[in-house]
**Student:** 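Got a structure for you, written out below as C-alpha cells; questions coming shortly.
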Amino acid sequence: MRKSAVALCGVAAVGAVALVLVPATVPETSRGDTSLVSVVVNGGRTLELGPTETRTFPVEVTATDRSGIRAVDPIGLWGPNYSTLKVGPMTCVPLDATGTVSRCTGEATAAATSRVLFDDQAGTWFVDLRIRANDGDRYVSKSAGGFSLKRTALFDQAAAPATAAPDQPVQLKARLQRAMWDQHGYIPQQSTAVYLQFRPADSHVWTTIAVVDTDGEGRVSMQLPAHVSGTYQWYSPGDKWTGGATSEELPITVDGTAAHPGQ
C-alpha cells in the first residue's frame, strides 16, 4: 500500500492528478528587508525522469539583504499528491563587494525507483524555503519558484520502406510509450496527438505534414505518396505530465535519388 510522504518543510499537496494545492498550515512570516531575487531549478529546464532513472540536479537561489545572506535553510521541493524531495545543504556566495546579494546553490535527487515518486506526482512542482540574513531578518515562501517534473516518453518500432517509386504509397508507423514510475517500465500512450514531419533531402527544415492520434496500443500509422527523397520522423510535444519525444529518422529514397538525413 502506498504511503503518503511526510511533507518537507511543512508543505503538502493534495488532490487529483497534477492538482497542486497549498496546505492549510500556519505560515512562517517574512521579516525585515530580506528579499528573493530568483529561484532556478535544473538550470530552468524541464526535469524529465525515466522509469528506472535517477537524476541529481541543481537548485539555485539568489537573495539580497543589506546585512548579507547567512543561509537558505530549510529548503525543499514539493509537488502534486504529497510529493516531496529533499535539497542538500546550500552554499552561499556573495555576488559583489558589498555582500548584499548572494547566490546559494545546492542539489536534489529524484529517483524513479526510490518509492518516493509515483506516476500521479508528475507535473508542476514548487520550492519551499526560508532565507536567513546576518541581522536576523528572513524571507519565507512555500512556493518560491515553480518547475516541471515529467515522465519521459519515447517512440519505438518506427518503420518505413527504404525506397519507393515516384508517387508510390508508402506506410510509416511507430509506437509512442511513456514512463511508469510505479511499474519501473514503459506503457503505450493512448489517444495522444502525434505529428508526422518531413525534411527534403536538400533541406535542414522539418515540416509537419500530418497529425495522427495514437490508438489503444500507442501506435500511429500513416500512408502517403512518396514524391521526393527525404526523411520522415514522428514527434510528440508532450503535455504537463509527460515529456516530448521524437522518433528515429526514417529516410526514403524516391526514384533512386539518395536521401541525406544528415544535411
**Student:** Side chains of Ser247 and Tyr232: any donor to acceptor distance under 3.5 Å?
**Tutor:** no

**Student:** Taking C-beta and beyond as the side chain, do Trp234 and Leu196 meet within less than 4.5 Å on heavy atoms?
**Tutor:** yes

**Student:** We want to know whether Gln223 and Gln171 form a side-chain donor-acceptor pair, criterion being a heavy-atom distance below 3.5 angstrom.
**Tutor:** yes

**Student:** Checking Thr84 side chain against Trp78 main chain: does a donor-acceptor pair fall under 3.5 Å?
**Tutor:** no

**Student:** Ignoring hydrogens and angles, state whether a donor on the side chain of Thr105 or Thr91 is under 3.5 Å from an acceptor on the partner side chain.
**Tutor:** no

**Student:** Hey, could you give me the CD1/CZ distance between Ile69 and Arg132, rounded to the nearest 0.5 Å?
**Tutor:** 11.0 Å

**Student:** Could you tell me if the side chain of Val194 sits less than 4.5 Å from the side chain of Phe155, heavy atoms only?
**Tutor:** yes

**Student:** Could you tell me if the side chain of Val228 sits less than 4.5 Å from the side chain of Phe198, heavy atoms only?
**Tutor:** yes

**Student:** For the side chain of Arg55 and the backbone of Ala108, is there at least one donor-acceptor N/O pair under 3.5 Å apart?
**Tutor:** no

**Student:** Using the rule that two of Ile, Leu, Val, Met, Phe, Trp, Tyr join whenever any of their side-chain heavy atoms come within less than 4.5 Å, decide whether Met222 and Val211 are in one cluster.
**Tutor:** no

**Student:** Same cluster or not: Tyr186 versus Leu176, using hydrophobic residues (I, L, V, M, F, W, Y) connected whenever any side-chain heavy atoms lie under 4.5 Å apart?
**Tutor:** no

**Student:** Under a 4.0 Å threshold between the charged nitrogen and the carboxylate oxygen, would Arg175 count as salt-bridged to Glu217?
**Tutor:** no

**Student:** Is it the case that Arg151 and Thr242 place a side-chain donor and acceptor less than 3.5 Å from each other?
**Tutor:** no

**Student:** Is there a path of hydrophobic side-chain contacts, each under 4.5 Å between heavy atoms, that joins Leu47 and Met180?
**Tutor:** no

